[in-house]
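Before any comments, here is the structure.
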Amino acid sequence: MQKQSKRVSALAMMGALAVTAGSLAGAPAASAQTNAPYLVGAGIYDITGAVAETGAFGYAANQEMNGLQERLYSHAYVMGDPKTGKRVVFVSADAGAMFQSVKLGVVNKLKAKYGSRYDDSNVMLSATHTHVANSGQSHDKLYQIAGADKSGSGYDQRNFDAMVNGIVASIERADANVEPGNISVTSGNLSGATKNRSAKAYEANKDAGSFDSNVNETMTVLKLTSASGQPVGMINWFSTHPTQFSKDTTHISGDTKGRAQYEFEKKMKSDPTKAKTFVAAFASSDEGDVVSTQGNSKSAPGFGGSSDDFVNTEIDGMRQYTRGEQLWNGPSTPVTGPIDSRGRWANFADYTVKGEYTQGAGEKKLCKPARGWSFAAGAENGPSDIPGIYEGMTKGSFSVTDKYNKIDTSALGGLTRFALASLTTILGADDACQEEKAVLLPDGKLGMAPTAAPVQILRIGNVALVGVPAEATTMSGRRIRAEVSKQLAGTGVDNVVVAGLTNSYMGYLTTREEYAKQHYEGASTEFGPNQLGAFLQEYSGLAKAMRDGTSVSNQVTPTTKSGGASRAGVVLDDKPLSQSFGQVLTQPKASYSRGETATAVFRGGHPKNDFRTQRSFLEVQRKEGSQWVTYLTDRDWDTSYTWKREGASYSRTTVDWRIRGDVPAGTYRLVQTGDWKNGWNGKVSPYTGTSQEFTVN
């Protein structure tokens with residue numbers, strides 16, 4: 001905790017980033033328009049789930065989380081055409097990935113409540129891809145392993161329920177808030193904020209020289225306003241990995257996109273506890289090979305940032321926020337045209353790619369899902385540091401002694417490769433279909449990964465959102481946009497956006513040229529060298545159907561399956577006889593200066609007793625006259641809640657408040673709210689602990 005107290009001086013200087021051309025909350029409302037061509041509604045709801053003794057999905061590093069830096073939310077938007085009655089739903093969830101199990105769970109609940117209003121075709125669920133969000137929601141073994149905590153548990157029914165129910169609640173709010181309104185779109189570049197982590201693979205693309213940058217620097221903003229001009233919501237798409245919190249992080253957070261969302265909603269005076277409030281989403285796009293130039297403390301050489309990941313996240317998040325605010329406050333173009341959607345589930349377990357999508361290779365079949373050796377190396381923003389494993393390990397260059405590439409010829413590296421190669425032989429991992437990929441993990445053969453691919457396009461007037469259930473690289477995204485634009489030419493669609501990590505998670509999506517290089521992204525492209533061709537074929541078909549007004553049908557019907565055994569819950573909470581739940585064990589100092597961190601430690605209960613959804617594990621309270629009022633909660637960026645087990649059943653909880661330079665002088669106190677479980681009768685009871693007051697000067 002002492003380390004955090006030094007952070008705020010740096011944060012105070014960076015606070016200037018938040019001051020841009022104008023205040024969002026104070027920006028003049030657009031003039032009222034009597035002609036409101038669309039229906040618009042927005043809603044937000046808590047999807048945080050467990051915050052201690054739970055895994056995180058993203059780094060596959062057996063992270064076990066022990067606290068909360070920022071609550072996670074589902075940001076939902078309903079957009080409709082009052083003339084035709086057609087609607088679409090876009091959701092951006094603060095999550096590591098969007099799994100097939102979650103999409104099916106959400107749609108089933110929506111159908112039960114709304115009938116045919118919302119279905120697979122018009123509901124698009126996207127994940128921001130924060131690597132420090134809760135895991136445990138996938139029903140597929142591969143991703144349960146990737147999100148396992150230190151106990152090895154990778155599935156948690158309560159985390160699954162928290163995400164599904166929270167997403168549904170956000171859509172219900174958006175639906176209830178629907179009103180006549182307007183939609184406009186704007187875009188601009190955010191340059192210098194990102195770079196390509198697999199530049200050599202990108203440069204192998206035959207059309208690499210046709211573009212000014214090897215990353216997608218375009219930020220696209222969709223603005224939703226009511227007929228009277230009141231802001232309803234904002235959706236921002238920008239391509240980057242939210243990995244400024246490293247694989248050593250142990251606090252749940254929305255990372256950089258969560259930071260940007262928080263700042264935007266703060267300026268708009270949003271309140272996620274309210275059924276109707278302004279909703280801001282900084283959503284994912286084609287980020288497969290894109291990382292922040294800021295880096296994190298565990299990034300590979302040449303990609304690293306500060307040793308303090310809180311600072312790394314602050315800098316990158318505020319970059320996105322600042323550019324997003326500029327675009328929001330600047331000119332935008334009214335969206336015009338119909339609302340429409342097409343979507344289906346393709347069967348990638350038995351899929352034929354036509355010759356026109358294989359770059360001259362003729363008709364090809366997709367392969368069984370498999371991960372290559374370079375998958376185990378990790379990427380530059382989260383390297384595994386496994387001896388003997390590195391990016392670029394192709395079938396033609398692989399050897400136990402590394403005699404071809406000569407990147408790691410150490411004895412330990414050779415021993416690692418020998419052991420893993422022996423295992424792959426036992427598993428029968430080799431697959432000629434995968435061509436350049438030397439297969440390390442035949443997860444398809446082992447039934448560990450999904451094979452039903454949800455493909456989807458939403459049309460919002462002249463804007464088309466292409467839902468990709470994978471992490472598309474920069475060039476993959478460019479080719480997808482080009483194909484969809486070609487098929488929708490003449491329909492009025494002039495803005496195509498890739499919405500990444502939607503409706504399911506199927507690893508990465510690289511071009512044929514990038515795949516051949518077998519960097520981390522190519523080794524994680526599950527279905528072989530023609531996977532992008534399959535997606536291009538699918539999106540072309542959806543776009544044609546949308547253009548021609550024809551329907552599409554599922555190639556396969558995905559089924560809901562069991563996630564398996566969940567991690568065990570809390571047995572009981574105990575404490576010393578001389579103490580009470582909520583008792584302050586360490587009081588804050590009598591006074592603090594701006595730039596310091598106020599801290600209090602409490603005798604608490606396990607946070608899994610109650611996730612405190614839409615509530616809080618803490619409060620920073622400010623004294624106003626004789627009354628104490630809530631100043632901050634655990635949804636605020638500058639607070640942290642930390643849980644620690646003592647012995648078998650004791651809990652020690654810590655509340656931290658990083659005091660920024662703009663905090664008003666006054667008297668404050670820290671409050672920790674939680675719940676404890678009685679071991680005799682299983683009853684869960686709330687408690688509150690309150691620190692002594694202190695001053696901020």
Side-chain angles (χ1 to χ4, degrees), residues 96-100 124 126-127 129 142-143 196-198 201-202 204-205 207-208 214-216 237 239-241 283-291 345-346 348-349 351 353 357-359 364 366-372 374-375 379 391 433-437 443-444 449-457 465-484 496-542:
M98 187 57 61
F99 299 108
Q100 173 179 305
M124 182 181 288
S126 176
H129 201 38
L142 178 64
Y143 303 126
N196 196 306
R197 70 185 185 188
S198 291
Y202 176 89
N205 288 301
D207 47 350
N214 63 3
V215 293
N216 177 12
W237 288 275
S239 303
T240 188
H241 261 82
S284 182
S285 189
D286 44 351
E287 45 60 71
D289 51 1
V290 185
V291 294
W345 292 84
F348 274 19
Y351 194 93
V353 186
Y357 299 104
T358 63
Q359 299 183 215
K364 292 286 185 178
L366 290 184
C367 312
K368 288 184 178 180
R371 298 279 175 139
S374 294
F375 153 70
E391 293 190 273
C433 176
Q434 293 278 353
E435 298 198 24
E436 294 92 349
K437 182 190 291 177
D443 49 274
T451 55
V455 290
Q456 187 179 27
I457 299 177
L465 300 184
V466 184
V468 180
E471 299 185 54
T473 60
T474 300
M475 191 60 80
S476 293
R478 285 171 172 162
R479 293 181 185 175
I480 289 170
R481 288 193 296 273
E483 180 64 31
V484 172
V496 178
V497 178
V498 169
L501 296 105
T502 56
N503 302 325
S504 184
Y505 185 70
M506 308 182 80
Y508 278 73
L509 180 59
T510 54
T511 67
R512 179 65 185 91
E513 300 96 313
E514 291 165 350
Y515 180 89
K517 294 298 181 182
Q518 283 296 291
H519 281 233
Y520 174 77
E521 297 82 8
S524 303
T525 297
E526 293 264 41
F527 294 88
N530 296 294
Q531 182 173 313
L532 176 58
F535 275 113
L536 289 174
Q537 183 169 299
E538 284 296 317
Y539 294 126
S540 180
L542 294 181

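For the single chain, residues carry numbers from 1 onward in sequence order. The figures here come from the full heavy-atom set of this structure, side chains too, leaving out hydrogens, waters and symmetry mates.
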Salt bridge (charged side-chain N to carboxylate O under 4.0 Å, His left out) against Arg512, all qualifying residues, sequence neighbours excluded: Glu435, Glu436
Residue pair Asp289 / Thr474, side-chain donor-acceptor N/O under 3.5 Å: yes
For the student: nearest non-hydrogen atoms of Tyr539 and Pro469, plus distance: OH-CD, 3.6 Å
Close side-chain approach of Arg197 to Val290, heavy-atom, < 4.5 Å: no
Ile480 vs Val468, side-chain contact (heavy atoms from CB on, under 4.5 Å): CA-CA, chis, key distance, verdict: CA-CA 9 Å; Ile480 289 170; Val468 180; 4.1 Å; yes
Nearest heavy-atom neighbours spanning Gln518 and Gly372: OE1-CA, 4.4 Å
Pairing residues for Tyr357 by the side-chain hydrogen bond (donor to acceptor under 3.5 Å, both in side chains) criterion, not counting sequence neighbours: Ser540
Minimal non-hydrogen separation, Asn530 against Val353, with atom names: O-CG2, 3.9 Å
Asp286 side chain to Ser239 side chain, donor-acceptor N/O pair below 3.5 angstrom: yes
Check: Tyr202/Glu521 side-chain N/O donor and acceptor closer than 3.5 Å: no
Closest non-hydrogen atom pair, Ser126 against Thr502: CB-CG2, 3.7 Å
Residues that Arg479 engages under salt bridge (charged side-chain N to carboxylate O under 4.0 Å, His left out), provided they are two or more places apart: Asp207, Glu513
Residues Leu509, Gln531; criterion side-chain contact (heavy atoms from CB on, under 4.5 Å); working and verdict: CA-CA 7 Å; Leu509 180 59; Gln531 182 173 313; 3.7 Å; yes
Partners passing side-chain hydrogen bond (donor to acceptor under 3.5 Å, both in side chains) against Glu471 (at least two apart in sequence or in another chain): His129, His241, Tyr505, Tyr508
Tyr520 and Ser374: CA distance, side-chain angles, deciding distance, side-chain contact (heavy atoms from CB on, under 4.5 Å) verdict: CA-CA 5 Å; Tyr520 174 77; Ser374 294; 5.7 Å; no
Under the salt bridge (charged side-chain N to carboxylate O under 4.0 Å, His left out) test, residues paired with Glu526 that sit two or more places apart: Arg371
Minimal non-hydrogen separation, Phe527 against Pro450, with atom names: CZ-O, 3.6 Å
Between Gln100 and Asn503, a side-chain donor and acceptor under 3.5 Å: no
Donor + acceptor pair across side chains of Glu514, Thr473 (<3.5 Å): yes
From CA spacing to verdict: side-chain contact (heavy atoms from CB on, under 4.5 Å), Met98, Ser504: CA-CA 5 Å; Met98 187 57 61; Ser504 184; over 6 Å; no
With Thr510 via side-chain hydrogen bond (donor to acceptor under 3.5 Å, both in side chains) - residues at least two apart: Thr525
Tyr515 versus Gln434, side-chain donor and acceptor atoms under 3.5 Å: yes
Criterion ring pair (Phe, Tyr, Trp, His ring centres under 6.0 Å) on Phe348 and Phe535, from CA distance to verdict: CA-CA 10 Å; Phe348 274 19; Phe535 275 113; 5.0 Å; yes
